[in-house]
A.B. asks: 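Have a look at this one before I ask anything.
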Amino acid sequence: VWQAIRDELQPRGFELVTVALDTAGADAARPWIERANPRHPSLIDRAHVLDELFGIVNVPSGAWIDEQGVIVRPPETAYPRRPAFLDREIKPEDPPHVAERVRLVKQLRIDADTYVTALREWVVSNRHALPRSEVIRRSVPRSLDAATAAAHFELAQHLVRAGSFDAAVPHFRAAHRLQPDNWTYKRQAWSLVDPTQGPTEHFDGDWLSDVRKTGAENYYPALQF
Amino acid sequence: VLLDRPDLEAFCLASGWELKPEGLCRDEVCVPLPDGADLHAVSKRMGMPLVHDAVAGLWAIGPPAGPHALSSAMAPDLVLPDLDGKPFGLRDLRGNKVLLLAWASW
């Protein structure tokens, strides 16, 4: 879907750069990328450097960068269209945890129409670009705890890549404790054990419990255009 | 930034900061340091937390603390590989409007 939007806007001086945040590396992202067969740069960020550089705490997140290389909107929730999971109905055969997940997912703040309309307006008529001070102010807070979480997360990822998942767990847990609203740190770690991000012996949290605790409406912040 | 020893030289090598007479410098920024400052002092001075894993013998130094993740609106010079490992620099797109979209397979 992004490909079509990119092709529509590209003649207006626009380019899309997608970045897969994946500790498991290119092979984890490869099936998706090969299916999409993108004509735009499609990059792999095995070390999650983007998280730290731009302040990304969930995916999908999009940042806007202007012709001079200035960020004019910091990362915000970026869906190209209404995702199918918002319209999934609970089926009688769904186990309770699946039913609850379906119910919670429907409460996530996802407003693809607003986002894509604003993107078009930016490309065509420069609307919605924020002043530099506002870009900085709207980027995620980085307390000393959050900065410490980033250091733990970096260690954890290195240890996973080196094949020592057990050694990585305490660092993932520290990152989760120090920056509990960083869904990227959590989802990346959970998914290394269980692709559905359910409860495991390694971590205190899991997708369902944590979203229930935080409130599904706080999972993605409301867009401010 | 990962380090296999907690010293200033290793940090500079890995991070792009440079030790100069006026302090620790990168691009146009210089942070004055007290005489004989070691990595622990630098970590404290810069608000960049230092984390250690004794078993692995590794240290990680985090990004500078707050108030926000972005301290400047200039986009960092990001260079990342594509599926084939070929590096691509964000800088090559100057002159275009760019949507930098982070996603994940998980």
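Throughout, protein chains are lettered first and strands after them, A, B, ... in sequence-line order, and every chain is numbered starting at 1. Note that the structure is a prediction, hence the values are computed from the model and not measured.
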A.B. asks: Out of curiosity, A/Phe54 CZ to B/Leu100 CG, how far, rounded to the nearest 0.5 Å?
C.D. replies: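 Nearest 0.5 Å value for the CZ-CG distance: 5.0 Å.
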A.B. asks: Can you tell me which of A/Asp66, A/Leu119, A/Leu53, A/Val135 forms the most heavy-atom pairs within a distance under 4.5 Å of chain B?
C.D. replies: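 The answer is A/Leu53.
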A.B. asks: If you compare all heavy atoms of A/Leu21 against all heavy atoms of B/Ala102, which two are closest, and at what distance to 0.1 Å?
C.D. replies: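 For A/Leu21 versus B/Ala102, the nearest heavy atoms are CD1-CB, 4.1 Å.
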A.B. asks: Can you name the residues of residues 4-16 of chain B that have some heavy atom under 4.5 Å away from a heavy atom in chain A?
C.D. replies: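 Interface residues of residues 4-16 of chain B: none, nothing closer than 4.5 Å to chain A.
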A.B. asks: How many angstroms lie between atom CZ of A/Arg142 and atom CG of B/Leu70, to the nearest 0.5 angstrom?
C.D. replies: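 So the CZ of A/Arg142 and the CG of B/Leu70 are separated by 8.0 Å.
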A.B. asks: For chain A, which residues from residues 18-56 of chain B lie under 4.5 Å away (heavy-atom distances)?
C.D. replies: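 Hits under 4.5 Å: B/Gly47, B/Pro49, B/Val51, B/His52, B/Asp53, B/Ala56.
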A.B. asks: What residue in B/Gly62, B/Ala104, B/Pro76 has the most heavy-atom pairs under 4.5 Å with chain A?
C.D. replies: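 Looking at each of B/Gly62, B/Ala104, B/Pro76 in turn, B/Pro76 comes out on top.
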A.B. asks: Select one option (side chain, backbone, both, neither) describing which atoms of A/Gln188 are under 4.5 Å from chain B's heavy atoms.
C.D. replies: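 It is both, since atoms from each part get that close.
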A.B. asks: Which atom pair, heavy atoms only, marks the closest approach of B/Ser105 to A/Asp22?
C.D. replies: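 So the minimum-distance heavy-atom pair works out to OG-OD2, 2.6 Å.
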A.B. asks: Kindly assign one of parallel, tilted or perpendicular to the pair A/Trp32 and B/Trp103, based on the angle between their ring planes and the thresholds 30° and 60°.
C.D. replies: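 Rings of A/Trp32 and B/Trp103: tilted, 30 to 60°.
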A.B. asks: Please report the interatomic distance CG(B/Leu99) to OG1(A/Thr18), rounded to the nearest 0.5 Å.
C.D. replies: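 The CG atom of B/Leu99 sits 9.5 Å away from the OG1 atom of A/Thr18.
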A.B. asks: Quick check for you: to the nearest 0.5 Å, what is the distance between B/Ile61 atom CD1 and A/Leu155 atom CG?
C.D. replies: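 If I round to the nearest 0.5 Å, the distance is 11.5 Å.
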A.B. asks: On a heavy-atom basis, which atom in A/Ala78 and which in B/Leu101 lie closest, and how many Å separate them?
C.D. replies: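 Reported closest heavy-atom pair: CB-CD1, 3.5 Å.
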A.B. asks: Under 4.5 Å heavy-atom distance to chain B, tell me which part of A/Ile56 shows up: side chain, backbone, both or neither.
C.D. replies: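 Just its side chain gets close to chain B.
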A.B. asks: Counting only non-hydrogen atoms closer than 4.5 Å, does B/Pro63 touch chain A with its backbone (N, CA, C, O), its side chain (CB onward), both, or neither?
C.D. replies: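 The answer is both parts of B/Pro63.
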A.B. asks: If you check every heavy atom in residues 79-93 of chain B against those of chain A, which residues fall under 4.5 Å?
C.D. replies: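 Only B/Leu80, B/Pro81, B/Asp82, B/Leu83, B/Phe88, B/Leu90, B/Leu93 of residues 79-93 of chain B have a heavy atom under 4.5 Å from chain A.
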A.B. asks: Below 4.5 Å from any heavy atom of chain B, which atoms of A/Leu159 appear? Answer side chain, backbone, both or neither.
C.D. replies: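 Side chain only.
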A.B. asks: Below 4.5 Å from any heavy atom of chain B, which atoms of A/Pro141 appear? Answer side chain, backbone, both or neither.
C.D. replies: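 Looking at A/Pro141, backbone and side chain both touch chain B.
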A.B. asks: With chain B, which of A/Glu134, A/Arg132, A/Arg30, A/Arg73 has the greatest number of heavy-atom pairs at distances under 4.5 Å?
C.D. replies: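 Most pairs with chain B among the choices: A/Arg30.
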A.B. asks: Restricting to non-hydrogen atoms, name the atom on B/Ala69 and the atom on A/Gly55 that form the minimum distance, rounded to 0.1 Å.
C.D. replies: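 Heavy atoms only, the tightest pair is CB-CA, 3.5 Å.
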A.B. asks: Considering only heavy atoms, which portion of A/Thr148 lies under 4.5 Å from any heavy atom of chain B: side chain, backbone, both, or neither?
C.D. replies: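 It is both, since atoms from each part get that close.
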A.B. asks: Which bit of A/Glu15 is near chain B, if near means a heavy-atom gap under 4.5 Å: side chain, backbone, both or neither?
C.D. replies: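 Both backbone and side chain.
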A.B. asks: Which atoms of A/Leu50 are under 4.5 Å from chain B, going by heavy atoms: the side chain, the backbone, both sets, or neither?
C.D. replies: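 The side chain, not the backbone.
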A.B. asks: Go through the atoms of A/Val49 and report whether side chain, backbone, both or neither lie under 4.5 Å from a heavy atom of chain B.
C.D. replies: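 Side chain only.
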A.B. asks: How long is the gap from CZ on A/Arg138 to NE2 on B/His68, to the nearest 0.5 Å?
C.D. replies: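 The distance works out to 12.0 Å.
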A.B. asks: Ignoring hydrogens, what is the shortest heavy-atom contact between A/Val123 and B/Lys97? Give both atom names and the distance.
C.D. replies: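 Scanning both residues, the minimum pair turns out to be O-NZ, 3.6 Å.
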A.B. asks: Among the options A/Trp64, A/Trp122, A/Phe153, A/Phe14, pick out the one with the most heavy-atom pairs lying under 4.5 Å from chain B.
C.D. replies: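 Between A/Trp64, A/Trp122, A/Phe153, A/Phe14, the count favours A/Trp122.
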A.B. asks: Please classify the contact of A/Trp190 with chain B as side chain, backbone, both or neither, using a heavy-atom distance under 4.5 Å.
C.D. replies: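 Neither part; nothing is under 4.5 Å.
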A.B. asks: Only counting residues at least two apart or in another chain, list the ones meeting salt bridge (Lys or Arg N to Asp or Glu O under 4.0 Å) with A/Arg120.
C.D. replies: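 In terms of salt bridge (Lys or Arg N to Asp or Glu O under 4.0 Å), with neighbours along the sequence ignored, A/Arg120 is linked to A/Glu8.
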A.B. asks: Within a radius of less than 6.0 Å around CZ of A/Arg161, do more than 12 heavy atoms belonging to other residues, nucleotides or ligands occur?
C.D. replies: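 Counting neighbours around CZ of A/Arg161, more than 12 heavy atoms of other residues, nucleotides or ligands fall under 6.0 Å, so yes.
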A.B. asks: Does any backbone or side-chain atom of A/Ala167 lie under 4.5 Å from a heavy atom of chain B? Answer side chain, backbone, both or neither.
C.D. replies: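 For A/Ala167, the contact with chain B is made by the backbone alone.
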A.B. asks: Is A/Ser164 in contact with chain B via its backbone, its side chain, both, or neither, using a 4.5 Å heavy-atom distance?
C.D. replies: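 Contact with chain B: none, neither part.
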A.B. asks: Find the one option among A/His40, A/Arg137, A/Glu34, A/Arg12 whose heavy-atom pairs under 4.5 Å with chain B are most numerous.
C.D. replies: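 With the most close heavy-atom pairs to chain B, the winner is A/Arg137.
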A.B. asks: Atom CG of B/Leu58 and atom NE2 of A/His171: how far apart are they, to the nearest 0.5 Å?
C.D. replies: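 Result: 8.5 Å between the selected atoms.
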A.B. asks: Is there side-chain contact between A/Glu67 and B/Asn96, with at least one heavy-atom pair below 4.5 Å?
C.D. replies: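 A side-chain contact under 4.5 Å is absent here.
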A.B. asks: For the candidates A/Val72, A/Val17, A/Asn58, which exhibits the highest count of non-hydrogen atom pairs separated by less than 4.5 Å from chain B?
C.D. replies: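 Counting heavy-atom pairs under 4.5 Å, the top option is A/Val17.
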A.B. asks: Tell me the closest heavy-atom pair linking B/Trp106 and A/Gln197, and the distance in Å.
C.D. replies: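 Result for this residue pair: C-NE2, 3.7 Å.
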A.B. asks: So which of A/Val70, A/Val59, A/Ile136, A/Thr196 has the largest heavy-atom pair count under 4.5 angstrom toward chain B?
C.D. replies: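 Heavy-atom pairs under 4.5 Å are most numerous for A/Ile136.
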